[in-house]
Peer 1: 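I have a structure I would like to understand better, so I am pasting it below and will then ask my questions one at a time.
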Amino acid sequence: MTESSSAFPIVILTGAGISKESGLSTFRDADGIWATVRIEDVATPEAFAADPDRVHAFYNARRRGLTDSTIKPNAAHEALARLEREWPGDVLVVTQNIDDLHERAGNRNLIHMHGELLKARCTRCKNIAFWDMDMSVNTGCPSCGQKGGMRPHVVWFGEMPFMMETIYETLEKCGLFLSIGTSGNVYPAAGFVQAVRGAGTAQTVEINLEPSEGATLFDDGVYGPATEMVPQVVDQILRYTA
Ligand code: APR
């Protein structure tokens with residue numbers, strides 16, 4: 001592998017579809033999470049204020065699901081880790097997913113714009129800690145010791161996603177933007193492709209089971225299961241450097 005002028009920065013946006021074949025549910029598919037529970041009951045600051053037990057129960061169940069020993073990164077996560085290792089330029093993965101499958105696969109340049117299921121935040125002292133247990137209104141903060149202020153370190157509807165400034169700066173200078181396994185329903189992530197197009201010359205490619213809401217905004221679409229399509233696309237990209 002050699003440094004070359006082809007080593008433009010690459011930004012990859014991922015959504016729930018990339019983790020589906022690892023055994024984690026998507027949100028808006030027929031068997032998705034929002035088919036069984038309402039967003040406004042479990043994924044807003046208002047829901048947490050009104051019924052914290054219900055919100056904790058929802059995230060406790062998802063956390064237990066994620067820490068189940070059968071849940072592992074799949075071939076799509078592994079291909080993106082390979083891309084970060086082998087591409088001579090910068091590779092940034094921006095994920096909407098709160099699972100930890102990208103880091104388990106080996107990606108290090110990674111932004112969890114919607115937060116992380118395996119972290120907890122104290123709303124009193126703002127401490128953020130690794131968290132793989134159940135949480136309740138009686139859970140004490142490991143830093144300040146106060147009870148009643150612990151919440152999942154995730155971004156709810158109505159809250160600002162993390163690291164937006166860094167994400168937009170990187171989008172504006174990338175040479176390739178890949179969007180993988182996301183329905184394109186939730187902003188600001190759904191608007192990233194327009195930010196890339198507005199900035200200039202990057203190629204934009206969507207990889208999804210089927211064309212997403214914003215499919216026509218992309219230069220190219222590659223449709224099929226992420227575990228098959230992502231390794232193929234990564235192979236093609238890495239051929240540029242061979
Ligand atoms: N391979 C590729 N794509 C897949 C696969 C698969 N095996 N299975 C499903 N998909 C696609 C679906 O066709 C769908 O377009 O993944 C997409 C998942 O879309 P959503 O369920 O809407 O998930 P996502 O786009 O990540 O949701 C965005 O919404 O509720 C919030 O905070 C939550 O981060 C999430 C955000």
Side-chain angles (χ1 to χ4, degrees), residues 11-48 55 58-59 61-63 65-66 71-80 93-102 105 110-119 151-164 167 177-194 204-218 220-234:
V11 181
I12 303 143
L13 172 69
T14 65
I18 197 169
S19 296
K20 171 79 174 174
E21 291 163 86
S22 289
L24 298 178
S25 296
T26 58
F27 293 93
R28 292 171 187 79
D29 291 315
D31 58 351
I33 292 172
W34 299 146
T36 58
V37 61
R38 294 182 340 143
I39 289 175
E40 50 272 44
D41 288 339
V42 295
T44 66
E46 293 77 15
F48 191 56
V55 174
F58 174 70
Y59 286 98
R62 292 186 64 195
R63 196 179 300 106
L66 177 59
I71 303 297
K72 294 190 170 62
N74 64 46
H77 298 103
E78 279 156 13
L80 294 185
V93 173
V94 178
T95 188
Q96 298 169 91
N97 299 343
I98 60 175
D99 66 55
D100 64 343
L101 297 182
H102 284 304
L110 173 67
I111 293 177
H112 276 281
M113 64 179 288
H114 291 171
E116 294 170 72
L117 188 54
L118 296 182
K119 286 187 180 167
R151 59 164 282 181
H153 186 51
V154 301
V155 177
W156 286 321
F157 285 89
E159 295 182 321
M160 180 60 83
F162 298 137
M163 298 192 68
M164 291 311 298
I167 294 170
F177 174 69
L178 302 179
S179 173
I180 304 173
T182 176
S183 61
N185 271 279
V186 176
Y187 283 82
F192 288 173
V193 62
Q194 280 142 312
T204 57
V205 181
E206 153 165 288
I207 306 173
N208 209 44
L209 207 49
E210 69 226 345
S212 73
E213 290 279 309
T216 54
L217 297 169
F218 290 85
D220 288 307
V222 177
Y223 298 111
T227 55
E228 290 173 31
M229 300 305 143
V230 177
Q232 284 177 23
V233 170
V234 165

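Indexing begins at 1, ligand by ligand and atom by atom, following the structure's order. Just so it is clear, the values below take in all heavy atoms, side chains as well, and ignore hydrogens, waters and symmetry mates.
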Peer 1: Sequence neighbours excluded, which residues qualify as ring pair (Phe, Tyr, Trp, His ring centres under 6.0 Å) partners of F27?
Peer 2: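 Testing F27 for ring pair (Phe, Tyr, Trp, His ring centres under 6.0 Å), a comparison that skips the adjacent residues, returns W34.
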Peer 1: Does any N or O in the side chain of N97 come within less than 3.5 Å of the main-chain N or O of G15, such that one atom is a donor and the other an acceptor?
Peer 2: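 Answer holds: yes.
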Peer 1: Can you list every protein residue that has a heavy atom under 4.0 Å from any atom of ligand 1, sorted by chain and residue number?
Peer 2: G15, A16, G17, K20, E21, T26, F27, R28, D29, W34, Q96, H114, F157, G181, T182, S183, V186, N208, L209, E210, G224, P225, A226
Peer 1: Go through the structure and list residues passing ring pair (Phe, Tyr, Trp, His ring centres under 6.0 Å) with H114, not counting sequence neighbours.
Peer 2: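 Scan of H114 (ring pair (Phe, Tyr, Trp, His ring centres under 6.0 Å), adjacent residues dropped) gives none.
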Peer 1: Holding to ring pair (Phe, Tyr, Trp, His ring centres under 6.0 Å), I want the full list of residues that pass it with H102, two or more places apart in sequence or in another chain.
Peer 2: H77
Peer 1: Looking at side-chain heavy atoms only, is the closest gap between L80 and T14 below 4.5 Å?
Peer 2: yes
Peer 1: So which of L178, I207, N74 actually passes side-chain contact (heavy atoms from CB on, under 4.5 Å) with V230?
Peer 2: I207
